[in-house]
Amino acid sequence: MTSLRGAFLRLTRPSRRADIVPMALPRLQGPFTVDQYQRLGEQGVLGEDDRVELIAGRVVEMTPIGDRHAACVRRLNRLFARTLFDLAMTDVQNPIVLGEHDAPQPDLVLLKLRADGYPTHPRAADVLPHRGNCGLVRGRRS
C-alpha cells in the first residue's frame with residue numbers, strides 16, 4: 001500500500017502559483033454586427049461568462065466588477081425598481097442593442113414597460129425617454 005502511495009506522489013507535484021495561467025480571449029478581428037457577435041456566443045467562441053460587450057463593432061473586454069461598484073448597482077436597482085415600479089422596468093448589466101454594431105452592457109438601464117418582459121435584447125427605442133444621460137447609467141470603475 002505504501003508503494004502505491006509513493007508512486008502516486010512521484011507522479012504528481014503540488015501546483016505552484018506560476019502554473020496558473022489566465023485565459024485570454026482570442027483576438028477577434030472585427031468589425032462585427034450585433035447578429036455576428038451573437039453568433040460568436042451561439043458557436044461557443046464567446047462563453048456565457050466572458051465579460052465582453054460589442055462597442056463600435058469591436059468585442060471589448062470589460063473590467064471586473066469590484067465590491068463598491070456592485071454595491072452601488074444593487075442600491076440603484078433597488079431604488080429605481082421600487083420608485084419607478086409602475087413606470088419603468090430596470091435591467092441590470094444586460095445587453096442593449098443601440099445600433100448595428102453596438103451592444104453594450106450598461107450597469108443599469110430604465111426600459112419602457114412591456115408585458116412580454118423583453119424576450120430579446122432591448123433596442124435603443126425601448127430605453128425610457130430621459131433628460132441628459134439618466135437612462136443609461138454606466139461606468140466600470142470600482
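In this text the structure is predicted, and so the values were computed from the model without any measurement.
- Side chains of Glu61 and Arg51 form no contact here, defined as non-hydrogen atoms less than 4.5 Å apart.
- In this structure, CG in Leu40 is found 11.0 Å from CG in Asp35, a value given to the nearest 0.5 Å.
- Between the side chain of Gln36 and the main chain of Thr33, a donor-acceptor pair closer than 3.5 Å is present.
- Under the 3.5 Å distance criterion, the side-chain polar atoms of Glu53 are left unmatched by any main-chain donor or acceptor of Val60.
- Evaluation of the salt bridge (Lys or Arg N to Asp or Glu O under 4.0 Å) test over residues 37-49, restricted to residues two or more places apart or in two chains, returns none.
- Arg114 is linked by a salt bridge (Lys or Arg N to Asp or Glu O under 4.0 Å) to Asp116, Asp126, counting only residues two or more places apart in sequence or in another chain.
- The salt bridge (Lys or Arg N to Asp or Glu O under 4.0 Å) analysis of residues 90-105, with sequence neighbours excluded, yields no pairs.
- Contact check for Val52 versus Leu28: no side-chain heavy atoms found under the 4.5 Å cut-off.
- You'll find the side chain of Leu54 stays beyond 4.5 Å of the side chain of Pro104, heavy atoms only.
- The distance from the CG atom of Leu108 to the CG atom of Leu76 is 6.0 Å, given to the nearest 0.5 Å.
- Using a 4.5 Å cut-off on side-chain heavy atoms (C-beta onward), Arg58 and Pro31 make contact.
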Decide yes or no on side-chain contact (heavy atoms from CB on, under 4.5 Å) for Val92 and Asp107, but give the supporting numbers first.
CA-CA 5 Å; Val92 177; Asp107 293 326; over 6 Å; no

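- Minimum interatomic distance between Pro122 and Pro95 (heavy atoms only, all atoms of both residues): CD-O, 3.6 Å.
- For Asn77, the side-chain hydrogen bond (donor to acceptor under 3.5 Å, both in side chains) criterion is met by Thr90, not counting sequence neighbours.
- Not counting sequence neighbours, the partners of Val97 by the side chain to side chain contact (heavy atoms under 4.5 Å, CB included) test are Val34, His121, Arg123.
- Proximity of Ile96 to Gln105: side-chain heavy atoms (C-beta onward) are nowhere separated by under 4.5 Å.
- Here OH of Tyr37 is found 14.5 Å from NE2 of His101. Values are rounded to the nearest 0.5 Å.
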I would like to know whether Leu111 and Leu128 meet side-chain contact (heavy atoms from CB on, under 4.5 Å); could you show each step before the answer?
-> CA-CA 5 Å; Leu111 301 171; Leu128 193 68; over 6 Å; no

Show me, pair by pair, the donor-acceptor contacts under 3.5 angstrom made by side chains of residues 80-88, not counting sequence neighbours?
| unit_1 | atom_1 | unit_2 | atom_2 | d |
| --- | --- | --- | --- | --- |
| Thr83 | OG1 | Leu79 | O | 2.7 |

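- In this structure a side-chain-to-backbone donor-acceptor pair under 3.5 Å is present from Lys112 to Ala125.
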